[in-house]
Amino acid sequence: MSADLLVPETRVLAVASHVVYGYVGNKMASVVMQLLGCDVAALNTVHFSNHTGYRQFKGTRATADEITALYDGLTQSNLLDFDVMLSGYAPSAAAVEAVGAIGMDLQRKAAKNPGSFFWILDPVMGDQGRLYVNDEVVPAYKNIIRYADLILPNQFEAEVLSGIKITSLATLADAITAIHATYNIPHVIITSVQIANLSDSPLPNTLTVIGSTTRSNGSPRLFRVDVPALDCYFSGTGDMFAALTVARFREAVFNADPALRTTKSWVSPDDVPATELPLAKSTVKVLASMHSVLEKTLEARDAELRAIIPDESEQLLNESERKKTEHLRESKAAEVRVVRHAQYLREPDVEFQASEWRAEDLPEQFR
């Protein structure tokens, strides 16, 4: 592989779940970052046979003490030369706190060298209007995200963190502004918004990613990228987005003014417009890669399902058993073909551009 296709040399501590089969959590994140040239140290918070979307799995969850012990092992051997930490799913409130302590310790160690360490946090709590973690995980995340540099909530998680129900473009802007203000987060990306479901949206069948980097006065610089929605549910897309963002954001920072590399949290000067932010430039590449890989996965899924000839024994199953068999088959067919289509990670075909948020969509105090 040509060195021209690799992102700047980056050492990543990736703290997330792991599965034996398929691509979610660290299984997805590690391979994506490695294919782009990052050196990844994976600290796994769970070890499952497969992702939970199959509705059945085996495996174990790491305790907070086990997570801390692994980090202590790295510390005692001076293995902490990380440029970026990417943290994802943690199985309990105590585990969230343990992950937060790791991020804060790495920040303290890098405090004398602004910009030398960056923490991207995916606050994995739920989706589609419901939590899939225990209630006590929510306050644990609220306590630690204020220390992160960039957070990647989905629409539901943004509502939980901001306390604002997102029902329109205006309330979406309100939610991002509230997250910036409440937690003092420099960068926010809401990774998936079904714009067609919002009351004032003109865009049907569209998935929109909304991002922002604050100015020095705390006001948001909002941008959006719209992509066509694909008619399939894929597991692991949030992990794929986060991993690509690690690589592409660092690449965009290195391609910007060299002073940005030594600026705390990589926050661009106030005169940089929203669409020229490194976060915006990285997001268009991230979404280009994802859309191509998921399109190819959808084609492969459909072909796999068409090729299946039901076994005669399936005819003897009752309705419940048949539905279970079909669900397992469909879940397997929809596993993301990330390795097979690695060329789209390295050489994204950028079709979708970032656009600046309209002034009328900003909260009143920032218009």
For residues 257-296, the ring pair (Phe, Tyr, Trp, His ring centres under 6.0 Å) pairs (sequence neighbours left out) are Phe118-Trp266, Phe249-Trp266, His291-Phe352

Should we say atom [atom1] of [X] is surrounded by more than 12 heavy atoms from elsewhere, each under 6.0 Å from it?
X      : atom1 : answer
Tyr147 : OH    : no
Lys109 : NZ    : yes
Asn318 : CG    : yes
Glu321 : CD    : yes

Do the side chains of [X] and [Y] join up, straight or via other hydrophobic residues, at under 4.5 Å, putting them in one cluster?
X      : Y      : answer
Val193 : Tyr233 : no
Val133 : Phe48  : yes
Tyr21  : Met28  : no
Leu36  : Val40  : yes
Leu74  : Met104 : yes

Can the positive tip of Arg130 be found less than 6.0 Å from the middle of the six-membered ring of Phe156, inside 45° of the ring normal?
no

If you measure from [atom1] on [X] to [atom2] on [Y], what distance do you get to the nearest 0.5 Å?
X      : Y      : atom1 : atom2 : answer
Phe254 : Leu260 : CZ    : CG    : 10.0 Å
Ser87  : Ile144 : OG    : CD1   : 6.0 Å
Ile179 : Ser162 : CD1   : OG    : 5.0 Å
Arg146 : Ile151 : CZ    : CD1   : 10.5 Å
Thr213 : Leu222 : OG1   : CG    : 9.5 Å
Ser49  : Phe57  : OG    : CZ    : 7.5 Å

Remaining members of the apolar cluster that contains Ile308, side-chain heavy atoms under 4.5 Å
Leu305

Mind listing the closest non-hydrogen atom pair of [X] and [Y] along with its distance?
X      : Y      : result
Ala95  : Ala64  : N-CB, 3.9 Å
Met125 : Glu157 : N-OE2, 2.8 Å
Ile164 : Thr171 : CG2-O, 3.9 Å
Ile67  : Ala62  : CG1-CB, 4.0 Å
Val339 : Val31  : CG2-CG2, 3.9 Å
Asn154 : Ile190 : C-CG2, 3.9 Å

Worked verdict on Leu294 versus Val336 for side-chain contact (heavy atoms from CB on, under 4.5 Å):
CA-CA 7 Å; Leu294 294 178; Val336 178; 4.0 Å; yes

Do Ser216 and Asp270 have side-chain N/O donor and acceptor atoms under 3.5 Å apart?
yes

Side-chain donor/acceptor of [X] to backbone N/O of [Y], under 3.5 Å:
X      : Y      : value
Asn50  : Gln56  : yes
Arg322 : Leu317 : yes
Ser289 : Tyr344 : yes
Asn217 : Ser219 : yes
Thr45  : Ala16  : yes
Asp105 : Ala101 : no
Asp149 : Ile120 : no
Ser212 : Arg221 : yes
Arg346 : Leu35  : yes

For His47, what residues pass the ring-ring contact (aromatic ring centres under 6.0 Å, His included) criterion, not counting sequence neighbours?
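Listed in chain order: His18.
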
Report the residue from Glu326, Lys324, Lys332 that forms a side-chain contact (heavy atoms from CB on, under 4.5 Å) with Leu328.
Lys324

Enumerate the residue pairs fulfilling salt bridge (Lys or Arg N to Asp or Glu O under 4.0 Å) with a member in [range], sequence neighbours excluded, ordered by first and then second residue.
range            : result
residues 80-103  : Arg11-Asp81, Asp83-Arg250
residues 45-70   : none
residues 274-283 : Glu276-Lys281

[Y] and [X], any side-chain heavy atoms less than 4.5 Å apart:
X      : Y      : value
Met240 : Tyr23  : no
Leu121 : Val99  : no
Asp239 : Lys27  : no
Leu131 : Val137 : no
Thr52  : Tyr132 : no
Lys285 : Val350 : yes
Val209 : Val286 : no
Thr245 : Thr191 : no

Can we say Lys323 and Glu319 salt-bridge, meaning some charged N sits less than 4.0 Å from an Asp/Glu carboxylate O?
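Looking at Glu319 together with Lys323, the answer is yes, because their closest N to O distance falls below 4.0 Å.
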
When you check the gap from the basic side-chain N to the acidic O, do Glu304 and Arg301 get nearer than 4.0 Å?
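Result for this pair is no, no salt bridge flagged.
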
Sub-6.0 Å ring centroid separation between His51 and Tyr54
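Ring-ring flag for His51/Tyr54: true, centres closer than 6.0 Å.
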
Derivation and outcome, side-chain contact (heavy atoms from CB on, under 4.5 Å), residues Leu106 and Tyr71
CA-CA 11 Å; Leu106 289 170; Tyr71 180 70; 3.5 Å; yes

